[in-house]
Amino acid sequence: MNELLKALYDSFYENLPAMQLKAEIEHCHQKLIEKLDKPERKLVLQIIDCKDQIAEDLSIDSFIAGFRVAMRLNQELNIYEKGHPLPTSDFVE
């Protein structure tokens with residue numbers, strides 16, 4: 001089920017425009033590269049990759065949680081409507 005929700009997430013997700021932040025990250029990264037030796041550079045890249053993975057995982061988890069809440073609300077509304085049918089004149093178009 002999570003794979004289906006991940007595919008649904010991928011179809012709806014749009015990257016947020018964050019050009020200024022990306023430029024700042026690249027600028028800071030270049031400064032670090034100039035000051036660090038190769039092993040330290042690899043460590044910084046690992047940190048950045050892990051941080052990016054956490055952000056992506058949190059985004060997907062939030063989408064899935066929201067989707068599940070929406071589905072649960074839909075189920076509850078269906079149960080409620082079966083027990084308390086509304087007259088058709090109460091629907092707003």
Side-chain angles (χ1 to χ4, degrees):
M1 173 94 163
N2 279 350
E3 290 301 315
L4 176 61
L5 292 175
K6 167 100 171 64
L8 190 59
Y9 167 85
D10 290 339
S11 70
F12 283 103
Y13 180 78
E14 294 180 23
N15 280 328
L16 299 174
M19 298 306 284
Q20 186 176 6
L21 288 174
K22 289 178 183 179
E24 180 68 21
I25 290 169
E26 185 59 34
H27 175 71
C28 292
H29 182 236
Q30 289 303 319
K31 280 185 169 181
L32 274 173
I33 286 175
E34 293 169 6
K35 296 182 186 257
L36 298 175
D37 293 328
K38 191 172 183 175
E40 288 85 7
R41 282 187 247 160
K42 283 185 174 184
L43 186 58
V44 169
L45 287 175
Q46 275 184 300
I47 291 168
I48 291 170
D49 287 346
C50 289
K51 179 201 66 69
D52 289 346
Q53 186 63 52
I54 289 169
E56 182 180 342
D57 291 347
L58 284 173
S59 181
I60 292 168
D61 288 346
S62 293
F63 176 83
I64 291 171
F67 190 87
R68 287 183 173 153
V69 167
M71 291 302 297
R72 180 69 181 167
L73 286 171
N74 184 44
Q75 289 172 341
E76 291 296 323
L77 283 172
N78 284 336
I79 291 168
Y80 178 80
E81 287 175 354
K82 286 179 184 175
H84 300 86
L86 297 173
T88 56
S89 62
D90 287 350
F91 290 105
V92 178
E93 291 184 31

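When a residue number appears, it is its place in the shown sequence, counting from 1.
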Measure the [atom1]-[atom2] distance between [X] and [Y] for me, rounded to the nearest 0.5 Å.
{"X": "I48", "Y": "I25", "atom1": "CD1", "atom2": "CD1", "result": "7.5 Å"}
{"X": "R41", "Y": "K35", "atom1": "CZ", "atom2": "NZ", "result": "13.5 Å"}
{"X": "I60", "Y": "D10", "atom1": "CD1", "atom2": "CG", "result": "6.0 Å"}
{"X": "E40", "Y": "D37", "atom1": "CD", "atom2": "CG", "result": "5.0 Å"}

Summary of ring-ring contact (aromatic ring centres under 6.0 Å, His included) pairs that have at least one residue in residues 12-62, sequence neighbours excluded:
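Output for this query lists Y9-Y13.
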Cluster overlap F67 with L73, hydrophobic side-chain contacts below 4.5 Å:
no
Examine I64 and V69 and state if one hydrophobic cluster contains both, with Ile, Leu, Val, Met, Phe, Trp and Tyr joined whenever side-chain heavy atoms are less than 4.5 Å apart.
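The answer is no; the residues belong to distinct hydrophobic clusters.
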Is it the case that E26 and Q30 place a side-chain donor and acceptor less than 3.5 Å from each other?
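A donor-acceptor contact under 3.5 Å links the two side chains.
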So does E76 pair up with R72, basic N to acidic O under 4.0 Å?
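Result for this pair is yes, salt bridge flagged.
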Spell out, as yes or no, whether a donor-acceptor pair under 3.5 Å connects the side chain of S62 to the backbone of L58.
yes
Checking L32, D49, I33 against V44 for side chain to side chain contact (heavy atoms under 4.5 Å, CB included), the one that qualifies is L32
Apply side-chain contact (heavy atoms from CB on, under 4.5 Å) to the pair E56 and D52, showing each step before the final yes or no.
CA-CA 6 Å; E56 182 180 342; D52 289 346; over 6 Å; no
Check whether any side-chain heavy atom of K51 lies under 4.5 Å from a side-chain heavy atom of I54, and answer yes or no.
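No, every pair of side-chain atoms sits at 4.5 Å or beyond.
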